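Just so we're clear, the structure is a prediction, and the values are computed from it rather than from any experiment. When a residue number appears, it is its place in the shown sequence, counting from 1.
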Amino acid sequence: QVHLVESGGGLVQAGGSLRLSCVASGRTFSTSYMGWFRQAPGKERAFVAAINWSGGSTYYADSVKGRFTISRDYAKNTVYLQMNSLKPEDTDVYYCAQTDYIGTYYSAGLYNYWGQGTQVTVSS
């Protein structure tokens, strides 16, 4: 079992920044990817960013490239999502996710464990 706890969401004006954190605990030694997804009411969960846990390679959705940065603190089992130049369309619930599998890192189906979600609201 892996337990994920997110923090850092909130309300921000357009153009502002937020940093999300996700602390992983439990059986984390075999992690392959950590990812961030977001979901609006009535919509499917959408890929935002992912990081290869051992190598550190990063991947982004086109909609957030150049604005969001995913990073990790290996020793603290923590993954971060730095979000800059936020837009109203970034408003969503953001979820942290973990998987032991290698594959399509942008697919929610690859991930075994999910955090509880944190709300990000960007006002215009």
Side-chain angles (χ1 to χ4, degrees):
Q1 286 275 6
V2 174
H3 187 54
L4 303 173
V5 179
E6 301 121 333
S7 61
L11 173 64
V12 65
Q13 288 189 330
S17 299
L18 283 174
R19 188 175 84 154
L20 306 182
S21 300
C22 173
V23 179
S25 60
R27 190 181 172 277
T28 62
F29 59 87
S30 57
T31 296
S32 57
Y33 295 107
M34 294 287 290
W36 287 97
F37 289 74
R38 61 188 183 186
Q39 188 171 25
K43 293 189 176 181
E44 290 189 357
R45 204 160 286 189
F47 172 71
V48 175
I51 187 164
N52 178 282
W53 194 245
S54 58
S57 296
T58 58
Y59 313 91
Y60 297 94
D62 287 344
S63 59
V64 306
K65 275 181 186 174
R67 300 188 299 124
F68 292 10
T69 302
I70 188 170
S71 62
R72 74 192 188 323
D73 185 324
Y74 201 84
K76 294 182 179 179
N77 277 335
T78 301
V79 64
Y80 303 98
L81 186 68
Q82 178 67 43
M83 305 185 293
N84 298 329
S85 303
L86 282 161
K87 305 175 181 179
E89 52 263 43
D90 294 318
T91 296
D92 268 328
V93 177
Y94 284 69
Y95 295 90
C96 171
Q98 182 271 355
T99 183
D100 295 344
Y101 296 105
I102 301 292
T104 51
Y105 54 82
Y106 49 83
S107 172
L110 185 72
Y111 293 82
N112 307 108
Y113 297 99
W114 295 84
Q116 79 285 358
T118 185
Q119 177 71 47
V120 171
T121 303
V122 185
S123 63
S124 57

Determine, step by step, whether Gln39 and Asp92 satisfy the side-chain contact (heavy atoms from CB on, under 4.5 Å) criterion, reporting the C-alpha distance in whole Å, the side-chain angles of both residues, the deciding distance to 0.1 Å, and the verdict.
CA-CA 6 Å; Gln39 188 171 25; Asp92 268 328; 5.6 Å; no
Kindly determine whether Val2 and Asn112 satisfy side-chain contact (heavy atoms from CB on, under 4.5 Å), including the steps that lead there.
CA-CA 9 Å; Val2 174; Asn112 307 108; over 6 Å; no
Can you check side-chain contact (heavy atoms from CB on, under 4.5 Å) on Val12 and Ser17, steps first, answer last?
CA-CA 7 Å; Val12 65; Ser17 299; over 6 Å; no
For Thr78 and Asp73, what are the C-alpha separation, side-chain angles and deciding distance, and is it a side chain to side chain donor-acceptor pair (under 3.5 Å)?
CA-CA 5 Å; Thr78 301; Asp73 185 324; over 6 Å; no
side-chain contact (heavy atoms from CB on, under 4.5 Å) between Leu11 and Val122: does it pass, once the steps are laid out?
CA-CA 6 Å; Leu11 173 64; Val122 185; over 6 Å; no
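With a 4.5 Å cut-off on side-chain heavy atoms, Leu20 and Val120 count as touching. Looking only at side-chain heavy atoms (C-beta outward), Arg27 and Gln1 stay at 4.5 Å or farther from each other. In this structure, Cys96 and Val79 have side chains that are in contact, with non-hydrogen atoms separated by less than 4.5 Å.
The shortest heavy-atom contact between Tyr60 and Thr69 is OH-CA, 3.3 Å. Across all non-hydrogen atoms, the minimal contact from Asn52 to Tyr33 is CA-CD2, 3.8 Å. Across all their heavy atoms, Ala14 and Ser124 have their closest contact at CB-CA, 4.4 Å. When all heavy atoms of Val48 and Val64 are compared, the closest pair comes out as O-CG2, 3.5 Å. Taking each heavy atom of Leu18 and Leu86 in turn, the nearest pair found is N-CD1, 3.8 Å.
Not one N or O on the side chain of Thr28 forms a donor-acceptor pair closer than 3.5 Å with the backbone of Ser25. A donor-acceptor contact shorter than 3.5 Å is absent between the side chain of Ser85 and the backbone of Gly15. Side chain of Arg19 to main chain of Gln82: no donor-acceptor pair is present (N/O by atom type, distance under 3.5 Å, no hydrogens or angles). One N or O on the side chain of Gln116 and one on the backbone of Glu6 form a donor-acceptor pair closer than 3.5 Å. Listed for the Thr91 side chain is a donor-acceptor partner under 3.5 Å among the backbone atoms of Pro88.
To the nearest 0.5 Å, the span separating CD on Gln98 from CG on Leu110 amounts to 10.0 Å. Expressed to the nearest 0.5 Å, how far CZ of Phe68 lies from CE of Met83 amounts to 5.5 Å. In this structure, the separation between CD1 on Ile51 and OG on Ser57 is 8.0 Å, given to the nearest 0.5 Å.
Asp100 and Ser30 form a side-chain donor-acceptor contact under 3.5 Å, judged by distance and modelled atom types alone. In this model, no donor atom of one side chain and acceptor atom of the other lie less than 3.5 Å apart for Ser123 and Gln13.
Geometrically, Arg45 engages Tyr95 in a cation-pi contact, judged by NZ or CZ lying under 6.0 Å from the ring centre and within 45° of the ring axis.
Within a 6.0 Å radius of OH in Tyr106, other residues, nucleotides and ligands contribute 12 heavy atoms or fewer.
Tyr74 meets the ring-ring contact (aromatic ring centres under 6.0 Å, His included) test with Trp53; sequence neighbours excluded. Shown here are the ring-ring contact (aromatic ring centres under 6.0 Å, His included) partners of Phe37, two or more places apart in sequence or in another chain: Phe47, Tyr111, Trp114. Remark: Lys87 engages no residue in a salt bridge (Lys or Arg N to Asp or Glu O under 4.0 Å) (not counting sequence neighbours).
Ring orientation note: the planes of Tyr59 and Tyr105 are close to parallel, at an angle under 30° on the 30°/60° scale.
Exactly one of Leu4, Leu81, Ile70, Thr99 qualifies for a side-chain contact (heavy atoms from CB on, under 4.5 Å) with Met34. That residue is Leu4.
Salt bridge annotation for Arg38-Asp90: present, with a cationic side-chain nitrogen under 4.0 angstrom from a carboxylate oxygen.
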